[in-house]
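Keep in mind it's a predicted model, so treat the numbers as computed, not measured. Chain naming here is simple, since letters A, B, ... match the order of the sequence lines and numbering starts at 1 in each.
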2 protein chains.
Amino acid sequence: MRIGELAEAADTTTKTLRYYEDQGLLRAAGRTPGGYRDYTTDTLTRIDFIHRGQAAGLTLAQIRQILDIRDHGQAPCNHVRDLLDTRLTDIDRQIHQLQDLRDTLAGLRDRADHVEPDTCSTDQICRYL
Amino acid sequence: MRIGELAEAADTTTKTLRYYEDQGLLRAAGRTPGGYRDYTTDTLTRIDFIHRGQAAGLTLAQIRQILDIRDHGQAPCNHVRDLLDTRLTDIDRQIHQLQDLRDTLAGLRDRADHVEPDTCSTDQICRYL
DNA sequence: CTGAACCTTCCTGTATAGGGGAAGGTCAAG
DNA sequence: CTTGACCTTCCCCTATACAGGAAGGTTCAG
């Protein structure tokens with residue numbers, strides 16, 4: 001199948017598919033005599049896997065690693081488990097950071113309701129911050 | 001004071017200060033006969049304000065808006081309050097998104113502990129995702 | 001044979017907040 | 001008078017996951 005059909009089937013764009021090939025996520029497809037990429041249906045499975053990886057917040061580089069391991073004939077499962085663990089602690093850290101920021105922000109916002117705006121002097125620019 | 005002193009006093013770099021000027025966050029400083037930027041101490045206050053804005057998660061563009069309002073002789077307080085509100089709802093949305101992702105990830109990770117890795121077939125690449 | 005729809009490669013741009021470094025000018029001390 | 005520390009402008013680079021578009025080739029229907 002040609003790249004346009006594949007893109008539609010995988011709910012993505014031809015741009016993206018060429019980009020994936022460029023980044024080593026898709027192996028170079030066969031070519032028709034005219035020079036068009038000619039895909040087999042297992043590529044669709046591969047793209048779906050990539051999408052699941054993205055849905056899990058993995059970067060394309062990380063997904064590529066997994067695919068490389070599989071392409072070397074090994075099971076990437078342990079590596080995937082490690083990636084999931086790393087992602088989880090990362091996300092927890094991010095959530096905490098955001099919550100800290102949220103607290104700061106809420107404090108400022110709250111203060112803004114209790115401070116007279118007219119007391120805001122020029123040199124401090126704005127009392128609310 | 002010269003840019004190096006100011007940078008040290010404000011705990012930042014000369015690169016950053018020139019960048020701020022470039023982006024309209026700092027007004028063009030006076031120059032010495034030799035062409036060096038010559039800052040007055042109120043610039044330090046301004047930089048501190050910028051830092052507080054950044055600590056509140058505002059972008060430089062948003063901080064610039066506040067400064068512009070103040071530089072037009074008006075009190076930016078209402079605008080700041082609006083920005084804080086917007087930031088708050090934004091951050092809440094981000095936190096929810098991250099928590100959703102965390103749930104997805106935790107589900108995958110949990111499943112990984114209950115699924116036999118050996119049942120992972122080549123064509124699905126990895127059962128854990 | 002021609003036009004539309006598809007494909008090819010290649011180059012540029014996106015947003016953010018600066019960092020790195022080149023080529024050259026300025027200022028004080030020794 | 002020179003050396004070193006500072007300053008100037010200018011231009012390129014960073015990460016991420018593509019999108020936009022140019023210039024040209026291919027394929028199929030009518």
Side-chain angles (χ1 to χ4, degrees), chain A residues 1-26 28-40 43 46-67 83 87 90-91 94 97-98 101, chain B residues 1-26 28-40 43 46-67 83 87 90-91 94 97-98 101:
Chain A
M1 73 200 313
R2 290 191 304 186
I3 197 169
E5 299 174 67
L6 179 61
E8 195 175 4
D11 195 31
T12 182
T13 67
T14 60
K15 280 283 185 191
T16 300
L17 294 182
R18 291 195 201 92
Y19 178 69
Y20 285 175
E21 180 183 320
D22 211 54
Q23 299 300 303
L25 290 143
L26 298 181
R31 297 288 176 137
T32 67
Y36 287 6
R37 286 176 180 80
D38 191 16
Y39 291 99
T40 53
T43 309
R46 204 173 167 96
I47 298 169
D48 284 342
F49 179 81
I50 294 172
H51 286 163
R52 288 202 301 283
Q54 286 192 306
L58 300 182
T59 66
L60 292 185
Q62 290 173 322
I63 297 170
R64 188 211 151 126
Q65 283 184 2
I66 302 173
L67 292 169
L83 279 177
R87 254 336 256 147
D90 261 22
I91 286 187
Q94 281 184 53
Q97 277 182 9
L98 276 181
L101 183 53
Chain B
M1 74 200 312
R2 289 190 306 186
I3 197 170
E5 299 174 67
L6 179 60
E8 196 175 4
D11 195 31
T12 183
T13 67
T14 60
K15 278 284 186 191
T16 300
L17 294 182
R18 291 197 200 92
Y19 179 68
Y20 285 174
E21 180 182 320
D22 211 54
Q23 299 299 305
L25 288 141
L26 296 182
R31 298 287 176 137
T32 67
Y36 288 7
R37 285 176 182 79
D38 192 17
Y39 290 100
T40 53
T43 309
R46 203 173 167 97
I47 298 169
D48 284 343
F49 179 80
I50 295 172
H51 287 163
R52 288 201 302 281
Q54 286 191 307
L58 299 182
T59 66
L60 291 184
Q62 291 172 321
I63 297 170
R64 188 210 150 125
Q65 282 184 5
I66 302 173
L67 292 169
L83 280 177
R87 254 334 256 150
D90 262 20
I91 285 187
Q94 281 184 52
Q97 277 181 8
L98 276 181
L101 183 53

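Residue A/R18 is in base contact, counting any heavy-atom pair closer than 4.0 Å across all strands shown. Using a 4.0 Å heavy-atom distance criterion, A/T13 is classed as a sugar-phosphate-only contact.
Counting to the nearest Å, the P atom of C/dT9 and the CG atom of A/D22 are 10 Å from each other. The separation between B/Q23 atom CD and C/dG18 atom C1' is 9 Å, rounded to whole Å. Rounded to whole Å, the distance from CD1 on A/I63 to C1' on D/dC18 is 14 Å. Whole-Å rounding puts the B/L58 CG to C/dT16 P distance at 13 Å. In this structure, A/L17 atom CG and C/dC7 atom P are separated by 10 Å, rounded to whole Å. Across the protein-nucleic acid pair, A/Q54 atom CD and D/dT16 atom P stand 13 Å apart, rounded to whole Å. Look at CD1 on B/I47: it is 16 Å from P on C/dA17, rounded to the nearest Å. The distance from atom CG of B/L6 to atom P of D/dC6 is 15 Å, rounded to the nearest whole Å.
At the phosphate of C/dC7, neither OP1 nor OP2 sits under 4.0 Å from any side-chain N or O atom of A/R37. Between C/dT16 and B/Y19, no contact under 4.0 Å exists linking OP1 or OP2 to a side-chain N or O. In this structure, A/Q62 does not reach the D/dT16 phosphate: none of its side-chain N or O atoms is under 4.0 Å from OP1 or OP2. Note on B/R31: every side-chain N or O is 4.0 Å or more away from OP1 and OP2 of C/dT26. The side chain of A/T59 places no N or O atom within less than 4.0 Å of a non-bridging phosphate oxygen (OP1 or OP2) of D/dT16.
In this structure, the side chains of A/I50 and A/L60 come closer than 4.5 Å at one or more pairs of heavy atoms. For the pair B/T59 and B/Q54, the minimum side-chain heavy-atom distance is 4.5 Å or more. For the pair A/L6 and A/I47, the minimum side-chain heavy-atom distance is below 4.5 Å.
Remark: the A/Y36 side chain and the C/dC6 base include a donor-acceptor N/O pair separated by less than 3.5 Å.
The listed nucleotides are D/dC10, D/dT8, D/dA17; the one nearest the side chain of B/I3 is D/dT8. With distances taken from any side-chain atom of B/L60 to the nucleotides D/dT9, C/dT9, C/dA17, the minimum falls on C/dA17.
Proximity of a side-chain donor or acceptor of B/R64 to a complementary backbone N or O of B/Q23 within less than 3.5 Å is detected. Between the side chain of A/D38 and the backbone N or O of A/R31 there is no donor-acceptor pair closer than 3.5 Å.
When each of B/K15 and A/K15 is assigned the nucleotide of DNA chain D bearing its nearest heavy atom, the one mapping closer to the 5' terminus is B/K15. Of the two residues near DNA chain D, B/E5 and A/R2, the one whose nearest nucleotide lies more 5' is B/E5.
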